[in-house]
Amino acid sequence: MEGEKRENQNQAAEEEDQIVNPWEVAAKDGGKIDYDKLIDKFGCQRLDQTLIDRVHRLTGRPPHVFLRRGVFFAHRDFNEILDAYEKGKKFYLYTGRGPSSEALHIGHLVPFMFTKYLQDVFRVPLVIQLTDDEKCMWKNLTVEESQRLARENAKDIIACGFDITRTFIFSDFDYVGGAFYKNMVKVAKCVTLNKVQGIFGFSGEDHIGKISFPPVQAVPSFPSSFPHLFSGKDDLRCLIPCAIDQDPYFRMTRDAAPRIGYHKPSLIESTFFPALQGETGKMSASDPNSAIYVTDSAKVIKSKINKYAFSGGQDSVEKHRQLGANLEVDISVKYLNFFLEDDAELEHIKTEYAAGRMLTGEVKGRLGSVLSEIVERHRAARASVTDEVVDAFMAVRPLPNMFD
């Protein structure tokens with residue numbers, strides 16, 4: 001089974017060093033996540049410059065900033081997606097969101113911004129899963145509250161600019177059944193209790209809802225789960241953009257896929273968006289001061305950055321001018337690496353800041369401007385997303401321009 005040997009090797013030691021799963025991301029003693037170690041443990045591959053150049057050549061569009069700067073850094077069989085595309089065979093995209101909070105933070109936007117880019121440059125359909133059932137079970141939310149949050153989060157997702165003629169958004173509570181449920185049962189029969197415990201770390205204290213959930217997130221990888229979209233297209237391949245903490249779900253899926261007659265889904269995986277306080281894991285919606293929210297005002301954004309963004313600068317101007325900043329730990333630089341589009345400006349900031357010619361306050365000020373602009377643009381787009389627009393994206397319907 002794919003990845004099974006890797007999961008068992010030195011498992012205890014790995015868990016002590018860092019914990020990375022769909023529900024928890026943490027490094028030992030407040031350290032940084034070791035992505036090389038994750039690649040080795042999970043058995044995925046580095047996304048190298050050859051693949052990035054190939055995307056550029058096949059699409060005729062510049063690679064997204066998240067590709068150029070290594071935000072999306074790992075993959076599983078992305079080369080096979082590009083092979084098929086080069087031969088004239090299309091694919092579809094699948095990503096999702098677990099709706100556990102009223103508003104998204106900017107880290108939540110990263111996979112959706114990148115997925116929109118992929119949809120635009122490859123001109124392919126997209127399914128977006130809202131796992132309201134998962135959050136009901138993991139966060140102890142009521143069914144009704146989970147469903148409400150799913151619709152609120154859908155508005156933020158739609159505000160990212162997805163093409164309604166190529167996009168189907170669904171919530172598990174509303175959509176699971178029929179062909180989708182048949183595929184869930186097929187996957188469930190392929191996964192033993194020992195296997196699911198080994199992949200996800202479930203214990204005897206976890207309720208059976210958690211153990212039964214992984215097939216729900218697995219089967220959007222299979223085109224037959226969406227007969228209203230892909231009837232007769234069971235050979236269609238699937239590409240999943242996601243953060244690397246979601247990899248365990250799709251290792252399980254890829255093990256099951258050939259056993260039930262489907263292609264293994266391909267993945268393209270991102271690093272985590274760090275908290276303001278430092279790069280010890282990922283930004284948390286449960287700590288409002290660790291995150292910049294899409295509902296934050298420009299004033300609040302500036303205040304959070306100035307007060308909480310961990311600085312790699314020195315503790316005095318004189319010392320900073322002499323020694324410069326440590327860019328490896330500076331959160332403002334890391335955020336600019338995500339969101340400052342201009343490569344030349346980013347390199348200028350890094351050079352000047354590392355040399356001590358630019359001060360922390362100047363870097364934080366530039367970050368405040370960049371994030372305020374993104375949040376304001378998002379807020380304006382979301383204001384136009386009515387309940388009727390949400391209903392239109394979530395309607396079970398054919399997508400007229402799927403592959404045009």
Would you say the side chain of [Y] lies within less than 4.5 Å of the side chain of [X], judging by non-hydrogen atoms?
X	Y	answer
V191	D255	no
H75	I81	no
F230	F222	no
V187	M252	yes

Item checked: Mutual orientation of the aromatic rings belonging to H228 and F226 [parallel < 30°, tilted 30-60°, perpendicular > 60°] -> perpendicular
Notebook entry, point to check: Aromatic rings F66 and F339: how do their planes relate, parallel, tilted or perpendicular, breaks at 30° and 60°?
Noted result: perpendicular
Margin query: With salt bridge (Lys or Arg N to Asp or Glu O under 4.0 Å) as the criterion, how do R69 and D343 come out once you've worked through the C-alpha distance, each side chain's angles and the decisive distance to 0.1 Å?
Written below: CA-CA 9 Å; R69 298 185 188 155; D343 290 339; 2.6 Å; yes
Decide, yes or no, whether a salt bridge links [X] with [Y] under the criterion of side-chain N to carboxylate O below 4.0 Å.
X	Y	result
E362	R357	no
D391	R151	yes
D77	K264	no
R76	D247	yes
D156	R97	no
R166	D120	no

What pairs with [X] under side chain to side chain contact (heavy atoms under 4.5 Å, CB included), at least two apart in sequence or on another chain?
X	value
Q49	I52, D53
K350	L327, V333, N337, L346, E347
S311	D330, Y353, T360
R46	Y35, D36, I39, F73

Under 3.5 Å, sequence neighbours excluded: what are the donor-acceptor pairs made by side chains of residues 232-240?
from	atom 1	to	atom 2	distance (Å)
D235	OD1	H263	NE2	2.8
R237	NH1	E80	OE1	3.4

Notebook entry, point to check: Do you know the tightest heavy-atom contact between P274 and F338?
Noted result: CD-CE1, 4.3 Å
Checklist line | Which residues share a ring-ring contact (aromatic ring centres under 6.0 Å, His included) with F122, sequence neighbours left out | finding: Y85, F91
Item checked: ring-ring contact (aromatic ring centres under 6.0 Å, His included) involving F310 - partner list, sequence neighbours excluded -> none
Residues which pass side chain to side chain donor-acceptor pair (under 3.5 Å) with [X], listed by chain and number, not counting sequence neighbours:
X	value
Q314	none
K135	none
E145	R148

Next item on the list: Determine whether the side chains of S203 and E205 contain a donor N or O and an acceptor N or O closer than 3.5 Å.
Entry: no
Show every donor-acceptor pair shorter than 3.5 Å between a side-chain atom in residues 172-182 and any protein atom, with sequence neighbours excluded, or say none if there are none.
from	atom 1	to	atom 2	distance (Å)
D172	OD1	Q129	NE2	2.9
D174	OD2	S171	OG	3.0
Y175	OH	S225	O	3.0

Margin query: Could you go through F114 and Y117, starting from their C-alpha distance and side-chain angles, then the distance that decides it, and tell me whether this counts as ring-ring contact (aromatic ring centres under 6.0 Å, His included)?
Written below: CA-CA 5 Å; F114 186 63; Y117 156 80; 5.7 Å; yes
Note to self: Between F162 and F393, is the ring centroid distance below 6.0 Å?
What the structure shows: no
Check: Looking at F273 versus H105, is the centre-to-centre ring distance below 6.0 Å?
Finding: no
Next item on the list: Starting at NE2 of H378, measure out to OG1 of T295 and round the result to the nearest 0.5 Å.
Entry: 9.0 Å
Check: Is there any salt bridge (Lys or Arg N to Asp or Glu O under 4.0 Å) pair reaching into residues 207-222, and which pairs are they, with sequence neighbours excluded?
Finding: D206-K210
